[in-house]
Amino acid sequence: MHPDTRMVHIEAPVPAASSPLAVPIYQTSSYAFDDPELIADGLNRPDGGYAYSRFANPTVRALENAVADLEGGAAAIATSSGMGAISLLLHSLVGAGDHVIAQREVYGGTHAHLRDLEKRFDIGVTRIDGRDPEELRAALTPRTKVLYLETVANPTGHISDLPALTPVARAAGVLTVVDNTFASPIFCRPIEHGADVVVHSATKFLSGHSDVTGGLAVFADRSRYERVWEHAVEFGSVADPFAAWLTIRGLHTLGLRMERHAANVTRVAGWLATHPAVSRVTCPQPGAAGHITGFPGAFCFDLAGGREAGVRLMSRLRVIKVAASLGSTQSLILHPAGTTHRQLTPEQLRESHLTPGTIRIAIGIEHPDDLVADLAQALDFVAR
Ligand SMILES: *Cc1c(COP(=O)(O)O)cnc(C)c1O
């Protein structure tokens, strides 16, 4: 054949007597079949063989299997972002005229999506505090399809009482969906406490290095997974093989990183609590909730000097970077009243559980002495 033809049909060897230690990146959109009869099978069911990467990809499947295993689920779907997983689930599990019960304090993107569903599809949303089974019982309606919770809420650190709420939902035939991004499966496995579906922003702790946007939905039940998989194929917000590969690489050190995040949070939060420029530290106390076994890596503190102090602190930090997101090896910090919530009045800030001097910090895995020293020099500048 001609060089032009030979160069577009280069084949990779398939190792016969050995296998690669690292998961290979299957950077391919399609798969060629020796037996054309088998192609339809790959397009009809999730484990029907690999035909087209929107339906299944071996690298992505390796990630899905790993996180399903970690969460104690039957199967998982990897998506292109955390919101990709959340919107896929809500659109798959809830239809026009149905009802959702959601924790009041949830991630901003989730809050916006619930509002959108309410307006466009006449879906009723009742918001609850998430700690009282009686409150949940009172919110149930015959149209309730989903109870939506976060193990540790972003950003307030509010901890829902998962073990108390899931039996109430189950008895009413309502599915419990839990966003476990903050706790990670190292510190909480919601399926063990009765959740039906767990979602993650893999952008955060699971990948862990600020280089991936991704999400996952993990299912306790295999048949529910298969039904949602059909929607995932229609939605098309599936994970890319390279993002999946980076997330797999991140998972190698998830346990180590979570341990270090937790130890660093204890050290930095403890130090901040004794600083005269800091009026309050709001750090989740997982000890109080038996189902969460560790300190997640992000919390809030309030500066006594309000908005101006926040702006000064941000301008002075060197090691800790001013950036949105969390769950990275790098420590990240945000001053909502000076940035994302700049247009809000003090009254409106209070409704979002913020003050003009509230700072959100996500602690990385740097040496804790360097984090404390960076905050110390910046807080000295604030006090000057
Ligand atoms: C970041 C985040 C999300 C959204 O994830 P993306 O990957 O940014 O789409 C959802 N839930 C929580 C708790 C988050 O922190």
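Order of appearance sets the numbers: ligands from 1, and atoms from 1 within every ligand. Count residues from 1 along the sequence.
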Quiz item: Which residue holds the protein heavy atom closest to atom 6 (P) of ligand 1, what is that atom called, and what is the gap in Å?
Solution: Gly82 N, 3.3 Å
Quiz item: Which protein heavy atom lies closest to atom 1 (C) of ligand 1, and at what distance to 0.1 Å?
Solution: Lys204 NZ, 1.4 Å
Quiz prompt | Leu313 side chain reached by Leu379 side chain, heavy atoms, under 4.5 Å | solution = yes
Exercise. Using a strict cut-off of 4.0 Å, indicate which atoms of ligand 1 neighbour a heavy atom of Gly214.
Key: 7 (O)
Quiz item: For atom 7 (O) of ligand 1, what's the nearest protein heavy atom and its distance?
Solution: Thr203 OG1, 2.6 Å
Quiz item: Any side-chain heavy atom of Gln27 sitting closer than 4.5 Å to one from Trp245?
Solution: no
Quiz item: Is Thr110 in contact with ligand 1, taking contact as a heavy-atom separation below 4.0 Å?
Solution: no
Quiz item: Is it true that Arg131 and Asp161 make a salt bridge, defined as a side-chain N closer than 4.0 Å to a carboxylate O?
Solution: no
Self-check item: Nearest option to atom 10 (C) of ligand 1, as decided by whichever heavy atom of Phe182, Tyr107, Phe205 sits closest
Solution: Tyr107
Quiz item: Taking C-beta and beyond as the side chain, do His261 and Ile365 meet within less than 4.5 Å on heavy atoms?
Solution: yes
Quiz item: If you take all heavy atoms of Gln377 and Arg316, which pair is closest and at what distance?
Solution: NE2-O, 3.1 Å
Exercise. Verify the neighbour count for atom CZ of Arg45: are there more than 12 heavy atoms of other residues, nucleotides or ligands below 6.0 Å?
Key: yes
Quiz item: Any cation-pi pair here, Arg257 with Phe205, using under 6.0 Å and within 45°?
Solution: no
Exercise. Using a strict cut-off of 4.0 Å, indicate which atoms of ligand 1 neighbour a heavy atom of Ile86.
Key: 10 (C)
Quiz prompt | Protein heavy-atom partner closest to atom 9 (O) of ligand 1 - residue, atom, separation in Å | solution = Met83 N, 2.8 Å
Quiz item: Is the closest heavy atom of Ala153 to ligand 1 under 4.0 Å?
Solution: no
Practice problem: Report the nearest protein non-hydrogen atom to atom 11 (N) of ligand 1: residue, atom name, distance rounded to 0.1 Å. | Solution: Asp179 OD2, 2.6 Å
